[in-house]
Amino acid sequence: MTKLPPTGTWYKSSRSDAAKQCVEVFLGDGKVGVRDSEAVGPELWFPEEAWRSFIDSRVWDR
């Protein structure tokens, strides 16, 4: 990541374009939201610490 993502607003994941998947992420208030930007549906919310642990795991590199 070349710059920090915005906080307090939904933004499209940088990994979405390559895989043609539209995932949006929301950072703010100690929590992180994830949703599908193309289909109206549920939002998933995680504590910031859990999200940071997921990102640090680099599970998608396996």
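Keep in mind that what you see is a predicted model, and the values were worked out from it rather than measured.
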**Message:** Tell me every residue that passes side-chain hydrogen bond (donor to acceptor under 3.5 Å, both in side chains) with W45, counting only those two or more places apart in sequence or in another chain.
**Reply:** E43
**Message:** Test your reading of the model: is there a side-chain donor-acceptor pair from D29 to the backbone of K31, 3.5 Å cut-off?
**Reply:** no
**Asked** Can you hop from W10 to V34 via hydrophobic side chains spaced under 4.5 Å?
**Response** no
**Request:** Please check if I55 and F26 belong to a single hydrophobic cluster, counting links between Ile, Leu, Val, Met, Phe, Trp and Tyr side chain heavy atoms closer than 4.5 Å.
**Result:** no
**Prompt:** How would you list, by chain and number, every residue that makes a side-chain contact (heavy atoms from CB on, under 4.5 Å) with T7, sequence neighbours excluded?
**Reply:** L27
**Request:** Could you tell me the separation between the NZ atom of K12 and the OG atom of S37, rounded to the nearest 0.5 Å?
**Result:** 5.5 Å
**Request:** Measure from the side-chain N and O atoms of S53 to the backbone N and O of A50, and report whether any donor-acceptor pair falls under 3.5 Å.
**Result:** no
**Asked** Is there side-chain contact between V23 and D36, with heavy atoms separated by less than 4.5 Å?
**Response** no
**Message:** Quick one, R35 with E24, criterion salt bridge (charged side-chain N to carboxylate O under 4.0 Å, His left out). Give me CA distance, side-chain angles, the key distance, then yes/no.
**Reply:** CA-CA 5 Å; R35 69 181 183 187; E24 292 182 325; 2.7 Å; yes
